[in-house]
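Have a look at the structure below before the remarks.
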Protein chains: 2
Amino acid sequence: MYAPMARVATTSDVFNAIAEPQRRDILALLRAGERPVTELAEALGMTQPGASKHLRVLREVGLVRDRKAGKQRLYGLDARKLRAVHEWTGGFEAFWNDSFDRLDAYVQDLKAANGKKEE
Amino acid sequence: MYAPMARVATTSDVFNAIAEPQRRDILALLRAGERPVTELAEALGMTQPGASKHLRVLREVGLVRDRKAGKQRLYGLDARKLRAVHEWTGGFEAFWNDSFDRLDAYVQDLKAANGKKEE
DNA sequence: TTGACACATTCCGATATCGGCATATGTATG
DNA sequence: CATACATATGCCGATATCGGAATGTGTCAA
């Protein structure tokens, strides 16, 4: 009937998939090539079911692909969808590079007043 | 003293902040310049408290800054942290252009070598 | 077939998240 | 001061999420 219409499922999109640090780690590791689940799990210090679950999310959004190889299942990177994120953030490039409006003034202000901020 | 150690707070990082579509919309809108909360809310079809809450998240991760202007509070973009995301995804650039070629090569390699002596 | 291995799925508990609503805080203006 | 306006915060309900543990499924090999 009414129902507070709570949260919307978000695990099905790339932005959310890479919001999880461990999943980013998996993707980064896969740049070196295909890897079986157990190897990923061990390399990243996570349990096998944990790795499987993260891989499932990554697979469902299309960031990785899997391939059977005997007993194992090799996961490989499919970075095409990361391009969308790269381009989205790229749309803000003008705002972190060069001065714009009062942002620049504000930033200068911060630097002057705060010194170093670390990054 | 047990506690399944459930989920880790993630709202305090940039990747998670931009995982929410409405927050991305806010950031995109703010490229046009500073805006008061109400205007953002109306422009994006969200309630005022809703906008305030999203803005709070964005502020806490440093993606927006706020400035008092009379009765209003103007929110402005601070895209510096988006650069980190841009660069992280940029680390995969070589893989979204020819990821399949690379993968194929890797696969051939595996088949030829059989074992897992990679690198 | 049996057993070992690789991986996926399910159930669970704790907590995070989001939207809606009501309300509190803050600020200008009369 | 009082009131209107702008924004923030608190509470709630529904649901999503994550990790752990146990268990299920699939595949090779003897």
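All values derive from a computational prediction rather than experimental measurement. The chains referred to below are lettered A, B, ... by the order of the sequence lines, with proteins before strands, and numbering in each begins at 1.
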Between [atom2] on [N] and [atom1] on [X], what's the gap in Å once rounded to a whole number?
X       : N     : atom1 : atom2 : answer
B:His54 : D:dT7 : NE2   : C1'   : 16 Å
B:Met46 : D:dA8 : CE    : P     : 11 Å
B:Glu39 : D:dC5 : CD    : P     : 17 Å
B:Arg59 : D:dT9 : CZ    : C1'   : 11 Å
A:Leu55 : C:dA6 : CG    : P     : 16 Å
B:Asp66 : D:dA8 : CG    : P     : 7 Å
B:Leu58 : D:dT7 : CG    : P     : 16 Å

Exactly one candidate in A:Ile18, A:Leu63, A:Leu55, A:Val57 meets side-chain contact (heavy atoms from CB on, under 4.5 Å) with A:Arg23; the answer is A:Val57
Compare the minimum distances between each of D:dT7, C:dA8, D:dC11 and the side chain of B:Lys53, then state the nucleotide with the smallest one.
->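 For B:Lys53, the side-chain atoms sit closest to D:dC11.
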Parallel, tilted or perpendicular for A:His86 and B:Trp96, by the 30°/60° rule?
-> tilted
Can a side chain N or O of [X] be found less than 4.0 Å away from OP1 or OP2 on [N]?
X       : N     : result
B:Arg56 : D:dA8 : no
B:Ser52 : D:dT9 : no
A:Tyr75 : C:dA6 : no

Heavy-atom side-chain proximity of B:Arg31 to B:Leu77 below 4.5 angstrom | yes
Are B:Val85 and A:Trp88 side-chain neighbours, meaning at least one heavy-atom pair lies under 4.5 Å?
->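 No, every pair of side-chain atoms sits at 4.5 Å or beyond.
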Could you verify whether a donor N or O on one side chain and an acceptor N or O on the other, from B:Tyr75 and B:Arg59, lie under 3.5 Å apart?
-> yes
Side chains of B:Glu42 and B:Thr38, donor plus acceptor under 3.5 Å = no
B/S/- along nucleotides 22-30 of chain C (protein heavy atoms under 4.0 Å) is B----BS--
